[in-house]
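The figures here come from the full heavy-atom set of this structure, side chains too, leaving out hydrogens, waters and symmetry mates.
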Amino acid sequence: MSRGDSTSNESVHFADLLRDVKPLRSEHLNQAEHYASKPEPIPRETLEDQRRVIGESLETDPRLEDAQSGDSLSFCRSGIQKNIFRKLKKGHYNVGAELDLHGMTVAEAQFSLARFIQTARAANMRCIRIIHGKGYGSGNKGPKLKPMVNQWLQKRNEILAFCSARASDGGTGAVYVLLKSL
């Protein structure tokens, strides 16, 4: 069979396939079909984070709850270079945002902290400041939020390091937090 015969057979076959096809009427041209809008995405990570916050609020580690008003907080994950942690302690990182927990209950503070960290990471912030206060309003029982912030931050994998802030940024009533990149 020659090349020309093959082409004519294909043309005939294609024409047979299109035999029942009818052209669109002109009033249907330029009309877009309307589909139902897409459903809102399910914020799975947010929901999981909220579930984790609730679970963590029920867990406490007594070893981490003894931070007093004047005590400095300090935590660094293994693998973080010493010079990076030293820079954090000296306040050399640009603080992208801060969260003030004053006046919040423990549950409110924990939820706000989780949401704040998630938002800061989504905005690709490297360093944030969290003001937990020194607990002077807590009476003789000592600070409530400070030891809890210490505990919560250590449990979160997206936290590389944190330490008490310089005196001009809140001192032992605030922490600089170094976040893991997304």
Side-chain angles (χ1 to χ4, degrees), residues 43-182:
R44 287 188 179 98
E45 287 187 28
T46 301
L47 295 173
E48 181 58 34
D49 202 31
Q50 289 170 351
R51 279 192 283 275
R52 187 174 70 199
V53 165
I54 291 168
E56 287 175 0
S57 68
L58 301 175
E59 302 171 5
T60 57
D61 185 344
R63 294 172 294 136
L64 299 175
E65 289 187 15
D66 59 357
Q68 297 302 310
S69 295
D71 293 348
S72 289
L73 299 181
S74 182
F75 171 80
C76 185
R77 277 203 201 286
S78 62
I80 302 301
Q81 296 175 1
K82 290 180 183 181
N83 64 334
I84 290 175
F85 192 55
R86 198 174 308 125
K87 282 176 153 179
L88 183 67
K89 284 183 171 184
K90 291 181 179 183
H92 288 185
Y93 286 101
N94 183 32
V95 174
E98 74 176 23
L99 173 67
D100 190 343
L101 301 175
H102 281 107
M104 293 186 190
T105 65
V106 171
E108 290 169 340
Q110 189 172 22
F111 181 77
S112 294
L113 180 67
R115 189 173 49 200
F116 178 67
I117 290 169
Q118 185 177 21
T119 302
R121 287 191 72 217
N124 208 23
M125 292 180 191
R126 177 85 165 137
C127 182
I128 57 175
R129 182 173 45 236
I130 298 168
I131 302 167
H132 48 70
K134 296 183 180 183
Y136 292 145
S138 300
N140 60 1
K141 294 181 182 178
K144 291 181 182 150
L145 293 181
K146 182 175 184 173
M148 296 309 292
V149 166
N150 184 32
Q151 184 174 351
W152 297 332
L153 291 176
Q154 288 186 40
K155 288 183 177 182
R156 297 186 67 96
N157 292 330
E158 60 267 46
I159 306 301
L160 297 176
F162 65 88
C163 62
S164 290
R166 295 178 305 161
S168 60
D169 287 333
T172 58
V175 288
Y176 300 128
V177 181
L178 193 62
L179 299 173
K180 187 185 289 187
S181 300
L182 283 178

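Listed here is the closest heavy atom pair of Y176 and A165: CE1-CA, 3.5 Å. Nearest heavy atoms, A161 versus C76: CB-CA, 4.0 Å. When every heavy atom of E108 is checked against every heavy atom of G103, the shortest pair comes out as OE1-O, 4.3 Å. When all heavy atoms are compared, the tightest approach of G91 to R166 is CA-NE, 4.0 Å. Taking every heavy atom of both residues into account, I128 and A120 meet most closely at CG2-CB, 3.7 Å. The two atoms that bring G171 and S164 nearest to each other are O-CB, 3.9 Å, heavy atoms only.
For the pair R86 (side chain) and Q81 (backbone), a donor-acceptor distance under 3.5 Å is absent. Proximity of a side-chain donor or acceptor of K89 to a complementary backbone N or O of C163 within less than 3.5 Å is not detected.
We find the CZ-CG distance between R129 and L99 to be 11.0 Å, quoted to the nearest 0.5 Å. Here CD1 of I117 is found 4.5 Å from CZ of R156. Values are rounded to the nearest 0.5 Å. With rounding to the nearest 0.5 Å, the separation of CG in L182 from CD in E158 is 9.5 Å. Distance check: N83 CG to H92 NE2 gives 12.0 Å after rounding to the nearest 0.5 Å.
Within the 4.5 Å cutoff, side-chain heavy atoms of K146 are placed close to those of T172. Residues K144 and M148 have side chains not in contact (no heavy-atom distance under 4.5 Å, counting atoms from C-beta outward). With a 4.5 Å cut-off on side-chain heavy atoms, F75 and V175 do not count as touching. Between I84 and Y93 the shortest side-chain heavy-atom distance falls below 4.5 Å. With a 4.5 Å cut-off on side-chain heavy atoms, L179 and I159 count as touching. No side-chain heavy atom of L178 sits under 4.5 Å from any side-chain heavy atom of F85. Between L113 and L153, the closest side-chain pair of non-hydrogen atoms falls below 4.5 Å.
Every residue two or more places apart in sequence or in another chain that forms a side-chain contact (heavy atoms from CB on, under 4.5 Å) with A109 is listed here: L101, M104, L145, W152.
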Using the rule given for side chain to side chain contact (heavy atoms under 4.5 Å, CB included), can you reason through E98 versus D169, listing the C-alpha separation, both sets of side-chain angles and the distance that settles it, and then say yes or no? CA-CA 11 Å; E98 74 176 23; D169 287 333; over 6 Å; no
